[in-house]
Chemist: 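Sharing a structure here in structure tokens format.
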Amino acid sequence: MVLRVDGRMDAVSCNTFGEACDRAIKEGVLWLVADLGALRYISSAGIGTLVRLAITLRQKNGEIVLCGVNGLVRDVLQVTRTHALFRVFESPEEAVEGFR
Amino acid sequence: MLSGVWFPLRFVPGVLPVFAFLFALQGLDSWQLVRRRTVLQSVAWGCLAAGISYGINQEVPGWMESPLDWYARLGAPALEEICKAAWVVFMVRTARVGFMVDAAICGFAAGAGFALVENAAYMHHYAGSPMPILVLRGFGTAMMHGGTTAIVGVVSAGLPGRDLGHRIRSFLPGLALAIAIHASYNMAVLSPLESSLAVIVGLPMVFVGVFAVGERSMQRWMGRKLDKDIELLDMIASGRFFDSTHGEYLKAIAKSFPPRVVGDMLCTVQVASELSARAKGIMIMQAAGLPPSPDPSLAEQLQELRYLEKSIGVAGRRALAPLVSLTSRDLWEIRKLSEL
């Protein structure tokens, strides 16, 4: 499943994203692509949500990958050193191909 | 002539012009730094301060044995100025005022409220005086009270180094000047008529100077700060932040903080710059007489800023100070946004 995230993932909106992913996981989706191409901002709250989802899916032998990472989002992932937890692709198509 | 139950209202003609002056000052506030509600709150504090001062001043004679001339000339002015100035200290330290202009208006309003109550309380001393004397006395005293508290605000907001946490000692020079002026007024260095005229003529001139300097200072701050905000936002959005001197600085301090905190420091730079630029845009609109357009995302951004400040902690905020100004003016700016 490809989830397109736009705008901001901050202390308030990260919960909305997390709940959407949790619903997908409950329905049996184990391979998630988070398309962050339109995401302009992410703080530790958003990073925390991504990390939690990564751990949850790994426990179920699934995975969440990222694509379209740029600008501030890329910088925050790098300085927090959480970019190493995820496989990062340029586009959603490449990310889906990466699961095969 | 007013008599009987209407007698206390004889002070009103002396005090009304002061309130007219106060609202004229607010009209001159071209950047709309001070809301009408804040002016009224300042007046209310002044009334309360007058009640507190009056109560203490009535008790002091019972505590002392020696003649009380010195208390009337120095002690009472010091007490009254401290009570009025407490409002200015509160407003400055909580970033409710950020500039000389708004500090002057709030200080003057507190003084006007003080004079309102004081004139009513002491009206019986002037029972036999003709109305012109009552008006002059009331007006002169009210302008003096308003002016001295305004001076506390102007000096405190205008002192170099005012952003160093606004420690109490930064208010002392203005307070000392206010006490000196009030004590001189009480010591009758000049005749009552001369004192009143000196205040009535001199104070508006001081305010004209403060507003002129304040206007220029405001324009310089707006232009410089807005350019900096835009530059930072552009660097972050285009991924050039870490190639800049700002980015080099953040990389240098990153070694002292956990990675999560460093990430939130970068976010703080972004959010603070966005809010700062937005606040200036709103102020420009208001100065032009246009209402600011509603921004549904503003509440969320302010909440995010609070989250980030808590996340990075005091040490993080201090380390970030060269990148993100959190001076009293900047905090004032953010507070103004949150009032929209």
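Just so we're on the same page: letters track the sequence lines, and every chain starts at 1. Scope of the values below: all heavy atoms of this structure, side chains included, with no hydrogens, waters or symmetry mates.
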Chemist: Check whether more than 12 heavy atoms from other residues, nucleotides or ligands sit under 6.0 Å from atom CD of B:Glu248, and answer yes or no.
Modeler: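 Buried by this count: over 12 neighbours within 6.0 Å.
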Chemist: Is any side-chain heavy atom of A:Ile47 closer than 4.5 Å to a side-chain heavy atom of B:Arg260?
Modeler: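 Not in contact.
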Chemist: Side chains of A:Ser43 and B:Leu308: closer than 4.5 Å at any heavy-atom pair?
Modeler: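 Sidechains of B:Leu308 and A:Ser43: in contact.
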Chemist: Return yes when atom CZ of B:Arg318 has more than 12 non-hydrogen atoms of other residues, nucleotides or ligands closer than 6.0 Å, and no otherwise.
Modeler: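 12 or below, so no.
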Chemist: If you count heavy-atom pairs within less than 4.5 Å of chain B, which of A:Gly48, A:Ala45, A:Ser44 leads?
Modeler: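 Of A:Gly48, A:Ala45, A:Ser44, A:Ser44 has the most heavy-atom pairs under 4.5 Å with chain B.
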Chemist: What part of A:Ser13 gets closer than 4.5 Å to chain B, counting heavy atoms only: side chain, backbone, both or neither?
Modeler: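 Looking at A:Ser13, backbone and side chain both touch chain B.
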Chemist: Is it true that, when you exclude A:Arg52 itself, more than 12 heavy atoms of the residues, nucleotides or ligands shown sit nearer than 6.0 Å to its CZ?
Modeler: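 It does: A:Arg52 CZ has more than 12 such atoms within range.
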Chemist: Counting only heavy atoms closer than 4.5 Å, note whether B:Ser238 contacts chain A via side chain, backbone, both or neither.
Modeler: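 Contact with chain A: none, neither part.
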Chemist: Rounded to the nearest 0.5 Å, what's the gap from CZ on B:Phe242 to CZ on A:Arg74? Could you check?
Modeler: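 Going from the CZ atom of B:Phe242 to the CZ atom of A:Arg74 covers 10.0 Å.
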Chemist: Is chain A contacted by the side chain of B:Ala254, its backbone, both, or neither, given a heavy-atom distance below 4.5 Å?
Modeler: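 For B:Ala254, there is no contact with chain A at all, as no heavy atom is under 4.5 Å.
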Chemist: With a 4.5 Å cut-off on heavy-atom pairs, point out which of A:Val79, A:Ile42, A:Val76 contacts chain B the most.
Modeler: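 Heavy-atom pair counts peak at A:Val79.
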Chemist: For B:Lys310, does the NZ atom have more than 12 heavy-atom neighbours from other residues, nucleotides or ligands under 6.0 Å away?
Modeler: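 Atom NZ in B:Lys310 is not crowded, with 12 or fewer foreign heavy atoms closer than 6.0 Å.
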Chemist: Can you say whether A:Leu77 sits under 4.5 Å from chain B via the side chain, the backbone, both, or neither, judging by heavy atoms?
Modeler: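 Neither part.
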Chemist: Before you tell me yes or no, could you show the steps for A:Asp75 and B:Leu266 under side chain to side chain contact (heavy atoms under 4.5 Å, CB included), namely the whole-Å CA-CA distance, both residues' side-chain angles and the distance that decides it to 0.1 Å?
Modeler: CA-CA 8 Å; A:Asp75 288 343; B:Leu266 179 57; 3.6 Å; yes
Chemist: Tell me, do B:Val271 and A:Tyr41 make a side-chain contact under 4.5 Å, heavy atoms counted?
Modeler: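 Side-chain contact under 4.5 Å: yes.
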Chemist: Counting only N and O atoms by type, is there a donor-acceptor contact under 3.5 Å from the side chain of B:Glu304 to the main-chain atoms of A:Asp10?
Modeler: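 Not confirmed, B:Glu304 side chain does not pair with A:Asp10 backbone.
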Chemist: Taking every heavy-atom pair that is under 4.5 Å apart, which of B:Val262, B:Asp264, B:Leu250 has the most such pairs with chain A?
Modeler: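 Sorted descending by pairs with chain A, the first entry is B:Asp264.
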Chemist: If you round to the nearest 0.5 Å, how far is CZ of A:Arg40 from CD of B:Gln270?
Modeler: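 Here the rounded value is 7.5 Å.
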